[in-house]
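Structure record follows, encoded as structure tokens.
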Amino acid sequence: QVQLVESGGGLVQPGGSLRLSCAASGGMFSIYTMGWYRRAPGKQREMVAHITGAHYTYYADSVKGRFTISRDNAKNTLYLQMNSLEPEDTAVYYCVVVGYDYWGQGTQVTVSS
């Protein structure tokens, strides 16, 4: 059983930045492909970014060049650095162990002036 706890969400103005963190416990974090997903109001859940155990990364087109996913295997922690935030990035962001259906509780990100 893997537990995931996200933090770092909040309210930010357009053009601002936030860094999300996800602390993982249980399982073998260093070998998992980890991901960030989000669900905006009235929209379907979508993949934001993935990172493999070997640190290969994948991004949704909508966030390429603005978001950076990273991980610290020694700390069992996943990160999402979000820059140049737009109102369309407003959503609940979830940390996920890809392929194993382990999800965190989510953290709210609101981009608004």
Side-chain angles (χ1 to χ4, degrees):
Q1 186 76 12
V2 177
Q3 290 79 44
L4 303 170
V5 179
E6 301 98 334
S7 61
L11 173 65
V12 63
Q13 291 187 340
S17 298
L18 283 175
R19 188 173 84 151
L20 305 183
S21 299
C22 172
S25 59
M28 297 178 68
F29 179 81
S30 63
I31 69 170
Y32 293 140
T33 292
M34 299 294 297
W36 288 98
Y37 285 68
R38 66 186 181 186
R39 175 172 281 162
K43 296 185 178 180
Q44 289 191 331
R45 186 174 62 201
E46 65 172 342
M47 186 276 287
V48 176
H50 284 178
I51 183 167
T52 70
H55 295 254
Y56 290 104
T57 58
Y58 308 87
Y59 295 93
D61 288 343
S62 58
V63 307
K64 279 181 184 176
R66 300 188 299 121
F67 291 11
T68 303
I69 189 171
S70 62
R71 65 194 297 164
D72 185 336
N73 288 338
K75 296 181 178 180
N76 285 359
T77 303
L78 177 72
Y79 302 100
L80 185 69
Q81 177 67 43
M82 305 186 293
N83 298 328
S84 302
L85 282 160
E86 304 168 352
E88 293 73 23
D89 296 315
T90 295
V92 178
Y93 284 71
Y94 299 92
C95 171
V96 178
V97 180
V98 177
Y100 288 86
D101 203 29
Y102 292 122
W103 292 72
Q105 83 288 349
T107 186
Q108 176 71 47
V109 172
T110 302
V111 185
S112 175
S113 54

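Quick caveat, the model's predicted, so the values are computed rather than measured.
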Exercise for the section: Report the C-alpha distance between Gln1 and Tyr102 in whole Å, list the side-chain angles of each, state the deciding distance to 0.1 Å, and finish with yes or no for side-chain contact (heavy atoms from CB on, under 4.5 Å). Expected result: CA-CA 8 Å; Gln1 186 76 12; Tyr102 292 122; 4.0 Å; yes

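- Although no hydrogens or angles enter the test, the distance criterion places no donor-acceptor pair under 3.5 Å between the side chain of Gln13 and the main chain of Ser113.
- Side chains of Pro87 and Ser112 form no contact here, defined as non-hydrogen atoms less than 4.5 Å apart.
- Identified under the salt bridge (charged side-chain N to carboxylate O under 4.0 Å, His left out) test for residues 34-45, with sequence neighbours left out: Arg38-Glu46, Arg38-Asp89.
- In terms of modelled atom types and a separation under 3.5 Å, the side chain of Thr90 and the main chain of Val111 share a donor-acceptor contact.
- Judged by distance alone, the side chain of Thr110 and the main-chain N or O of Leu11 form no donor-acceptor pair under 3.5 Å.
- Closest approach of Ser17 and Ser84 over heavy atoms only: OG-N, 4.4 Å.
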Enumerate donor-acceptor pairs with a distance under 3.5 Å from any side-chain N or O in residues 23-32 to protein atoms, sequence neighbours excluded.
unit_1, atom_1, unit_2, atom_2, d
Ser25, OG, Gln3, OE1, 3.3
Tyr32, OH, Met28, N, 3.4

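- Nearest heavy-atom pair across Met34 and Val98 is C-CG2, 3.8 Å.
- Looking at heavy atoms from C-beta onward, Met82 lies out of side-chain contact with Val12 at the 4.5 angstrom threshold.
- Looking at heavy atoms from C-beta onward, Thr107 lies out of side-chain contact with Val92 at the 4.5 angstrom threshold.
- Looking at heavy atoms from C-beta onward, Val109 lies in side-chain contact with Leu20 at the 4.5 angstrom threshold.
- Thr77 and Asp72 share no side-chain donor-acceptor pair at under 3.5 Å.
- Annotation: side chain of Ile69 is in contact with side chain of Leu78 (closest heavy-atom distance under 4.5 Å).
- In this structure the side chain of Tyr100 never reaches within 4.5 angstrom of the side chain of Val2, judged on heavy atoms.
- Every pair passing ring pair (Phe, Tyr, Trp, His ring centres under 6.0 Å) that includes a residue from residues 47-91 is listed here, sequence neighbours excluded: Tyr37-His50.
- With sequence neighbours left out, the ring pair (Phe, Tyr, Trp, His ring centres under 6.0 Å) criterion links Tyr94 to Trp103.
- Residue pairs that meet the disulfide (SG to SG under 2.5 Å) test with at least one member in residues 42-81, sequence neighbours left out, do not exist here.
- Between the side chain of Glu6 and the main chain of Gln105, a donor-acceptor pair closer than 3.5 Å is present.
- For the residue pair Thr33 and Thr52, the shortest heavy atom distance occurs at OG1-CA, 3.7 Å.
- Under a hydrophobic clustering in which Ile, Leu, Val, Met, Phe, Trp and Tyr are joined whenever their side-chain heavy atoms come within less than 4.5 Å, directly or via other members, Ile51 and Val96 fall into different clusters.
- Within the structure, the disulfide (SG to SG under 2.5 Å) test picks out the following pairs touching residues 9-113 (sequence neighbours left out): Cys22-Cys95.
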